[in-house]
Amino acid sequence: MIQRPRRLRRGQALRDLVAQTVVTPANLILPLFIIPGKGKSVHVKSMPGVSQLTADLALKELKRAEKLGVRAFILFGVTPKERKDERGSHANAADNEVCSAVKRIKDAGLNIVAISDLCFCEYTSHGHCGAMCADDKLVVENDETIEMLGEQALNHARSGFDVIAPSGMMDGAVGAIRAALDASSFEHIAIMAYAVKYASAFYGPFRDAAESAPGKGDRQGYQMDFRNAREALREAALDEEQGADMLMVKPGMPYLDILSKLREQTKLPLAAYQVSGEYAMLKAAAQNGWLDGQRVLRESVYAIKRAGADMILTYAACELSERAKNGVV
Ligand code: PBG
């Protein structure tokens with residue numbers, strides 16, 4: 001007898017009935033780039049539809065996101081050049097771009113989770129993700145940096161962030177941040193670890209948007225080598241042991257194998273970051289008329305969810321949610 005899987009593909013209603021994966025706006029996390037000032041929005045050329053925003057305009061965008069059902073956002077600060085220094089001290093200023101923005105957003109009473117990207121590359125003059133070794137200006141000093149990350153985490157917690165997301169791939173960072181938070185009565189603040197973050201060329205457009213490209217050298221001394229999969233599971237296990245509440249894999253679509261393997265290993269909620277380069281590729285092809293932009297965007301987030309992600313950080317969070325039907329993307 002011939003097997004007939006096509007029986008269940010007869011018509012949209014039947015396909016919806018048996019659909020295995022669902023993406024809703026609540027699964028999406030909106031990244032925003034914050035610039036100082038008021039009433040200013042600067043378009044990021046390599047990311048069509050994405051702009052650097054001042055806090056007031058970010059609030060406006062988040063009100064829209066909240067209405068659309070998006071439940072979380074992540075902030076990246078764009079630091080003016082004159083505020084950057086060797087140790088990224090502006091990261092600890094209580095009134096820096098992300099801290100003032102989150103205060104404003106919290107004061108407005110939005111019911112949406114505030115996540116902070118915890119790193120130094122947006123604040124250091126050399127563009128690396130921490131303090132550099134005294135005897136080698138191309139190597140980030142791990143243990144000094146994780147102490148500094150603990151201080152930065154406190155600054156974020158005091159400003160009102162609900163979740164801290166360390167993205168620098170320093171060894172022991174999650175443990176150091178957890179200890180710093182707990183020692184200051186922030187035991188309720190969650191950590192979403194960028195547990196598996198590859199040294200990826202797909203971050204190119206982000207570095208334009210956040211103005212955070214390293215001046216000299218690259219990030220291969222701390223971010224992961226894309227030839228490795230087992231190491232990803234080890235990195236994730238270490239972050240889990242140190243107290244991470246959620247784990248992230250980044251980039252998204254080129255690393256679905258990692259996501260799916262990690263889904264088998266951990267019971268923690270998993271996030272995946274559809275990064276700037278993935279977004280830029282889809283948008284560029286769509287603008288050229290080579291791909292159907294709406295359909296590939298939707299398909300890409302379904303692929304990421306199907307591979308094992310509970311949450312997806314995507315620059316298209318609002319766009320996808322706007323087109324959701326009956327609450328489903
Ligand atoms: C900061 C950070 C980066 C991204 C997120 N957090 C850049 C980097 O590691 O250079 C990239 C996100 C994207 O490309 O969309 N460390």
Side-chain angles (χ1 to χ4, degrees), residues 1-31 48-49 64-73 112-113 192 195-196 198 202 226 229-230 232-233 236 246-329:
M1 190 194 58
I2 187 166
Q3 291 289 327
R4 298 190 187 278
R6 285 184 55 194
R7 272 186 209 123
L8 299 185
R9 296 178 200 142
R10 284 182 66 233
Q12 194 59 45
L14 192 48
R15 289 194 290 272
D16 286 347
L17 185 71
V18 300
Q20 182 187 333
T21 309
V22 178
V23 178
T24 73
N27 301 133
L28 305 177
I29 300 173
L30 176 67
R64 182 167 92 97
E66 189 203 28
K67 269 208 195 94
L68 290 170
V70 175
R71 314 300 287 139
F73 65 93
I112 181 165
V113 177
M192 172 191 270
V196 182
Y198 285 92
F202 284 103
F226 54 72
R230 284 191 304 264
L233 300 181
M246 297 179 262
L247 301 172
M248 193 200 298
V249 172
K250 176 180 170 196
M253 227 167 31
Y255 295 84
L256 295 184
D257 58 326
I258 306 298
L259 205 50
S260 137
K261 285 195 175 102
L262 186 53
R263 181 66 289 166
E264 310 262 291
Q265 167 173 295
T266 183
K267 300 219 162 35
L268 295 184
L270 270 187
Y273 202 141
Q274 178 175 55
V275 300
S276 55
E278 299 175 65
Y279 176 83
M281 284 196 306
L282 297 179
K283 286 289 176 188
Q287 282 185 348
N288 272 298
W290 296 340
L291 288 175
D292 180 328
Q294 296 194 4
R295 288 178 56 204
V296 288
L297 256 183
R298 181 167 178 265
E299 185 176 333
S300 67
V301 290
Y302 268 85
I304 294 171
K305 182 99 192 282
R306 191 189 63 232
D310 302 294
M311 300 155 267
I312 303 160
L313 296 92
T314 172
Y315 299 98
C318 285
E319 189 184 337
L320 285 159
S321 303
E322 231 164 20
R323 289 198 297 268
K325 287 194 196 95
N326 302 322
V328 175
V329 168

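Everything numeric here is computed off the predicted structure, so don't read it as measured data.
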Run the numbers on Y198 and K250 for side-chain contact (heavy atoms from CB on, under 4.5 Å), then give the verdict. CA-CA 6 Å; Y198 285 92; K250 176 180 170 196; over 6 Å; no
Hits for side-chain hydrogen bond (donor to acceptor under 3.5 Å, both in side chains) against Q294, two or more places apart or cross-chain, chain-then-number order -> R323
Can you pull the ring pair (Phe, Tyr, Trp, His ring centres under 6.0 Å) pairs that have at least one residue in residues 4-31, sequence neighbours excluded? none
Taking the side chain from E66 and the backbone from I112, do they hold a donor-acceptor pair closer than 3.5 Å? no
With R10 via side chain to side chain contact (heavy atoms under 4.5 Å, CB included) - residues at least two apart: L14
Which atom names give the shortest non-hydrogen contact between A195 and A236, and what distance separates them? CB-CA, 4.0 Å
Rounded distance [0.5 Å steps], CG in L270 versus CG in L247: 6.0 Å
With sequence neighbours excluded, what pairs up with Y279 under the ring pair (Phe, Tyr, Trp, His ring centres under 6.0 Å) test? Y315
Rounded to the nearest 0.5 Å, what separates atom CD in Q20 from atom OH in Y302? 12.0 Å
Set of side chain to side chain contact (heavy atoms under 4.5 Å, CB included) partners for A286, sequence neighbours left out: none
Taking only residues at least two apart or on different chains, which pairs with a member in residues 281-292 satisfy side-chain hydrogen bond (donor to acceptor under 3.5 Å, both in side chains)? K283-E319
With rounding to the nearest 0.5 Å, note down the distance linking NZ in K305 to CG in L256. 14.0 Å
Would a 4.5 Å heavy-atom cut-off, applied to side chains only, mark M311 and M248 as touching? no
Set out, in order, the CA-CA distance, both residues' side-chain angles and the distance that settles side-chain contact (heavy atoms from CB on, under 4.5 Å) for R306 and T21, then state yes or no. CA-CA 6 Å; R306 191 189 63 232; T21 309; 3.7 Å; yes
I'd like to know whether T266 forms a side-chain contact (heavy atoms from CB on, under 4.5 Å) with L233, so could you lay out the CA-CA distance, the side-chain angles of the two residues, the decisive distance to 0.1 Å, and finally the verdict. CA-CA 9 Å; T266 183; L233 300 181; over 6 Å; no
Donor-acceptor check, side chain of E278 to backbone of F202, threshold 3.5 angstrom: yes or no? no
With sequence neighbours left out, the residues meeting side chain to side chain contact (heavy atoms under 4.5 Å, CB included) with V113 are A72, I115, D162, V163
Minimum heavy-atom separation for V70 and S321, please, with both atom names. CG2-OG, 3.5 Å
Nearest 0.5 angstrom please: I312 CD1 to L30 CG, how far? 13.5 Å
Evaluate Q274 against L313 for side-chain contact (heavy atoms from CB on, under 4.5 Å), listing each step before the verdict. CA-CA 6 Å; Q274 178 175 55; L313 296 92; over 6 Å; no
With sequence neighbours left out, write down each residue that passes side chain to side chain contact (heavy atoms under 4.5 Å, CB included) with A272, or none if nothing qualifies. L259, I304, A309
Partner residues of R15 under the side-chain hydrogen bond (donor to acceptor under 3.5 Å, both in side chains) criterion, sequence neighbours left out: Q12
Heavy-atom pair with the smallest gap, counting every atom of V329 and V301: CG1-CG2, 4.4 Å
Can you tell me if S300 uses its side chain to pair, donor with acceptor, with the backbone of V296 under 3.5 Å? yes
Test of understanding: with side-chain hydrogen bond (donor to acceptor under 3.5 Å, both in side chains), list the residues that count as partners of Q3, not counting sequence neighbours. none
Going by the rule side-chain hydrogen bond (donor to acceptor under 3.5 Å, both in side chains), which residues pair with E322 if we only count those two or more places apart in sequence or in a different chain? R64
Is I29 close to M192 at the side-chain level, that is, under 4.5 Å between some pair of heavy atoms? yes
With sequence neighbours excluded, give me every side-chain hydrogen bond (donor to acceptor under 3.5 Å, both in side chains) pair touching residues 252-264. R263-D310
